[in-house]
Amino acid sequence: MNIFKNRLITSTISVLLILSFAISMIAIPTASAQTERVTFPFVDPIPNKAGVGQNVLINFGILNQLNRDGDGWNVTLVITDPDGKVEKVDRMTWSTGTVGYGYTPTKAGNYTLQTQFKNVTYAGNKYASSESGNVTLEVFTDWYKPWHPGHSLPVDYWSRPVDSQLREWHILMGSWLKGASGTNHGSELYTQALYNEGPESAHILWSRPIGDTNGGLAGGENQAAYQNGDAYEGKFGSAVIIAGVLYYNRGGSYNQASNINGTVGSATNNLGEPQDPQNGANPGRQRNTIVAIDLRTGKTLWEKSYNFNSNNDARITMGQIVTWFCLNNRGVFSLLWIGNSGNMFALEPKTGELVYNMTNVPTGTIYWGPNGEMLKYQAVNVGTTVNPVWQLRQWNSSYVIQQGKIGMQESFGSQIQGVTYNATIRGWDRNITLSVGNYLPGQTTTGATANQTVTPIIAFPEDKVVFGTSALQAIDQGMGISLTGVSISEESFGQVLFNQRKWAAPKEWEGLVAGMQSNWVSYSQADQVGIFWVKETATSYAFDLDTGKYMWQTEPQIYADSWSDSPTYEKIIAYGKLYEASVGGIVYCYDIKTGNLVWEYKVEDKYTESYLGNNWWVMIVFITDGKVYLGPLEHSALEPKPRGAPFMCLDAETGDVVWGIDGAFRQTRWGGRAIIGDSIIATMDTYDSQIYAIGKGPSAMTISSPDIAVAKGTPFVIRGTVMDISPGTQSDRAQLQFPNGVPAISDNDMSDWMLYVYKQFSRPDDAKGVNVEIWAIGPNGEDIHIGDTVSDTYGRYSYTYTPDKEGDYEIFAYFMGSKSYYGSYAKTEMTVMSTPEQITQETPYAWYIAAAVIIIVVAIALNIFVTLRKK
């Protein structure tokens with residue numbers, strides 16, 4: 001690990017390693033009677049204009065190459081600051097003849113840089129002394145040249161692969177490497193889901209059958225469901241997430257995972273009947289496959305079965321992400337692993353192909369080193385029973401590959417393809433004798449035996465290992481707690497930090513039986529605290545891992561917590577607090593320094609379905625992004641199952657409910673619990689044996705306006721839709737149920753809506769849609785906020801607008817996103833014309849009147865004429 005770490009540091013400093021590929025192909029001439037060879041020194045600051053306090057990389061050396069990896073020139077960098085003070089830096093170059101030096105100027109002005117080389121004989125040839133020309137580094141009071149401005153976090157829906165220039169996004173792209181069953185020790189690095197944005201609603205991206213049995217209600221006369229694996233044949237137990245892909249084992253049983261190194265099964269069943277020969281050398285056992293699913297789409301990427309060790313039950317146990325730096329190969333590699341010890345097989349996650357394998361891997365807890373290497377620790381008595389001599393050893397999976405290799409042989413890529421490594425012969429990279437006397441906590445009470453191995457209760461790579469008395473010793477044998485801490489840092493590996501720090505067993509432990517329910521359960525490197533749980537007293541005891549001293553104990557918790565058989569999965573240290581949740585259904589949050597109760601939350605069973613108490617049995621499935629995620633479970637599933645089991649998210653600081661959903665994601669004791677990667681939760685639900693992905697999904701909008709121009713001052717309607725277009729809404733069932741699409745719904749109504757869409761619960765009548773903002777670009781280019789509205793449960797929205805200006809408009813509808821969806825928008829256009837003029841037409845009314853008058857006059861005249869004639 002020493003070599004590995006130094007490679008990393010040096011590679012970070014020196015940019016000019018890009019030249020190293022050529023070294024192995026260039027030969028230095030052999031010795032001759034020639035005169036001294038001319039040397040060509042150089043120096044180059046990057047950047048060559050900087051500010052005070054700004055880091056500068058100075059590349060220097062000579063351009064004469066060397067013959068072999070590991071060879072180098074002794075060169076001197078001379079730095080003269082603005083006040084004339086001279087600093088000399090001596091370094092040995094790489095075989096390229098170059099080396100890098102990080103320098104931070106402390107004052108403004110001009111710095112003079114020069115490389116000096118003193119004559120030397122190498123490979124029988126003389127090389128002359130030389131000095132480079134002076135190079136000026138200009139330094140200003142203020143930061144002169146800014147770093148790359150970087151990239152903001154995504155506001156739109158995103159997917160893998162992510163361009164490696166978007167470095168800031170790494171905080172959203174965590175993987176889950178340890179399997180959905182959790183881990184066999186409670187270090188915070190294994191119980192917190194780092195580098196994820198925790199979902200803040202129950203929004204489902206997709207669902208799909210887990211794939212090896214029917215799921216859900218059996219039907220007919222039977223109100224029970226198809227079996228889901230509890231107990232003892234869980235189906236999701238070793239699921240992992242790597243680079244946005246979910247991997248899980250399909251088929252077989254939970255216990256088969258431990259049989260990876262097992263013996264070949266019988267050729268007949270227990271009735272003496274021959275078994276189906278299709279399973280090869282291990283007949284009578286169901287063929288298992290490993291399934292790879294795109295976490296964002298739910299689509300199967302590949303599914304394969306393996307026959308390692310003449311055994312068809314090969315199952316993934318964990319994932320690994322290794323950051324590898326060597327001369328000719330630098331980057332990150334990911335692996336899927338089959339096995340924890342003995343024979344282990346590494347698969348390429350992208351394809352499922354075998355990469356390499358290790359044999360004789362020692363037993364013990366796996367810890368992750370600083371670069372993702374697997375580490376194991378043990379203390380071995382290399383002395384005798386009478387005079388024990390304890391030796392601390394470190395096993396390193398990277399050292400298995402790297403031991404004895406140089407140059408291109410160190411490459412993690414092509415150099416390991418198809419190779420089998422003996423991990424016991426090659427893997428032990430550190431060992432040192434400990435000054436701990438005759439007793440090491442954790443050894444048997446009768447005394448150490450020759451070659452006895454003791455494993456630490458916890459290891460913090462690059463920090464310390466702590467050995468402690470076991471639960472059996474502490475409780476059954478009344479020994480109390482003894483702790484010994486040993487440094488495993490690079491600088492002081494094997495130094496004893498504290499030895500046999502003893503704490504007497506309290507009186508209330510007398511007569512108790514440890515069993516598997518009392519033990520060391522949780523640890524924090526950040527807070528240097530270890531937690532010891534005792535089931536009968538339902539109490540946690542805290543110990544300082546810097547000193548080995550007892551710190552505090554909690555008040556007794558609810559009695560039902562004593563029933564749990566998996567306390568190491570239920571107690572997590574994060575954010576300076578200890579979080580506990582178990583059979584009793586109460587979430588406790590304690591201050592990790594004092595043990596004081598900060599808050600508690602009761603997960604009450606409002607339907608009185610549980611037979612264990614008034615609360616649901618819940619477990620902390622993971623903690624991330626300031627949130628505590630809880631899932632309901634039971635040891636052996638009842639049938640029919642208790643209904644309405646809650647899955648919840650609490651604020652880690654206050655205990656307030658962020659969101660919850662009843663009856664959606666019922667967890668499993670044996671078959672794995674919810675995990676998270678790329679800020680998406682993946683979980684199996686034991687109500688219907690489906691896998692669900694929960695997280696922010698994409699949305700889509702439409703908008704329409706009148707197709708013909710409207711008159712200024714005339715109201716018209718802008719309308720459109722806001723829809724959920726997550727992959728699950730494109731399934732056959734969803735398209736049949738929602739032929740017009742699945743509408744986007746408010747965060748407050750999301751839980752009930754997801755039960756309706758994905759689990760066929762009743763349609764929530766009072767649900768609301770999402771907020772829609774409507775804007776326009778007016779005829780003069782001005783922004784116009786037309787108004788806001790809310791879509792309905794069919795995804796539709798509308799808004800009536802009365803334009804007051806003539807001209808062409810661009811109209812936009814925006815959904816700005818929510819806790820459940822990324823935002824979307826739609827655009828349309830329309831034209832507003834002038835108001836039609838009221839034109840006054842000349843009418844013939846006057847002529848009508850005149851004509852009428854004439855007619856009347858004529859009629860009167862005729863009447864007078866007739867009257868006169870009669871006289």
Fill in the blank from the handout: Scanning both residues in full, the closest heavy-atom pair of Pro349 with Tyr247 reads O-OH, 2.9 Å
Exercise for the section: Please check if any side-chain donor atom of Glu373 sits under 3.5 Å from a side-chain acceptor atom of Ser397, or the reverse. Expected result: no
Exercise for the section: Would you check if the distance from the ring center of Trp503 to the ring center of Trp552 is below 6.0 Å? Expected result: no
Practice task
Tell me, please, which residues at least two apart from Asp546 pass salt bridge (Lys or Arg N to Asp or Glu O under 4.0 Å).
Solution key: Lys464
Handout entry: NZ/Lys502: more than 12 non-hydrogen atoms of other groups inside 6.0 Å
Key = no
Using atom types as modelled, flag every donor-acceptor pair under 3.5 Å from a side chain in residues 434-444 to any protein atom, sequence neighbours excluded.
unit_1: Gln443; atom_1: OE1; unit_2: Leu440; atom_2: N; d: 2.8
unit_1: Thr444; atom_1: OG1; unit_2: Gly447; atom_2: O; d: 3.0

Handout entry: Aromatic Tyr569 / basic Arg673 pairing, under 6.0 angstrom, 45° off normal
Key = yes
Exercise for the section: Return the set of residues passing ring-ring contact (aromatic ring centres under 6.0 Å, His included) with Tyr559 (not counting sequence neighbours), or none when no residue passes. Expected result: Trp563
Completion exercise
In short, ring-ring contact (aromatic ring centres under 6.0 Å, His included) pairs touching residues 461-501 with sequence neighbours left out are none
Practice task
Start with the C-alpha distance between Val322 and Trp368, add both sets of side-chain angles, then the distance that settles side chain to side chain contact (heavy atoms under 4.5 Å, CB included), and finish with yes or no.
Solution key: CA-CA 10 Å; Val322 181; Trp368 300 117; over 6 Å; no
Handout entry: Pairing residues for Met551 by the side chain to side chain contact (heavy atoms under 4.5 Å, CB included) criterion, not counting sequence neighbours
Key = Val529, Ala542, Asp544
Handout entry: Candidate list Thr317, Leu335, Ile338, Thr420, test side chain to side chain contact (heavy atoms under 4.5 Å, CB included), partner Phe345, passing option
Key = Ile338
Practice task
Of all the heavy-atom pairs spanning Gln517 and Ser564, show the shortest one and how long it is.
Solution key: CG-O, 2.9 Å
Practice task
Mind checking side chain to side chain contact (heavy atoms under 4.5 Å, CB included) for Thr453 and listing every partner two or more places apart, or none if nothing turns up?
Solution key: Gln378, Val380
Exercise for the section: Answer yes or no for Lys178 and Trp176: cation-pi contact, defined as NZ/CZ to six-membered ring centre under 6.0 Å and angle to ring axis within 45°. Expected result: yes
Handout entry: Residue pairs involving residues 550-566 (criterion salt bridge (charged side-chain N to carboxylate O under 4.0 Å, His left out); sequence neighbours excluded)
Key = Asp565-Arg669
Completion exercise
Shortest non-hydrogen pair, Tyr523 vs Ile457, comes out as OH-O, 3.3 Å
Problem - Partners passing ring-ring contact (aromatic ring centres under 6.0 Å, His included) against Phe412 (at least two apart in sequence or in another chain) - result: Trp324, Phe333
Practice task
Examine the side chains of Thr484 and Asn499 and answer whether a donor and an acceptor come within less than 3.5 Å of each other.
Solution key: yes
Fill in the blank from the handout: Those residues at least two apart in sequence (or on a different chain) that pass side chain to side chain contact (heavy atoms under 4.5 Å, CB included) with Asn596 are Thr594
Handout entry: Any residue meeting ring-ring contact (aromatic ring centres under 6.0 Å, His included) with Trp520, in chain and number order, not counting sequence neighbours
Key = Phe532, Phe543
Handout entry: Ring-ring centroid check Trp428 Tyr377, cutoff 6.0 Å
Key = no
Exercise for the section: Answer yes when Glu410 and Lys405 have at least one side-chain N-carboxylate O distance shorter than 4.0 Å, and no when they do not. Expected result: no
Handout entry: Gln394 and Asp429 side chains, donor-acceptor separation under 3.5 Å
Key = yes
Practice task
Scan side-chain atoms only and decide if Ser562 and Glu536 contain a donor-acceptor pair under the 3.5 Å cut-off.
Solution key: no
Exercise for the section: With sequence neighbours excluded, tell me which residues meet side chain to side chain contact (heavy atoms under 4.5 Å, CB included) with Val419. Expected result: Tyr421
Practice task
Evaluate the side-chain proximity of Trp533 to Gln557: yes if any heavy-atom separation is below 4.5 Å, no if none is.
Solution key: yes
Practice task
Sorted by first residue and then second, give each salt bridge (charged side-chain N to carboxylate O under 4.0 Å, His left out) pair with at least one member in residues 352-363; sequence neighbours left out.
Solution key: Lys304-Glu353
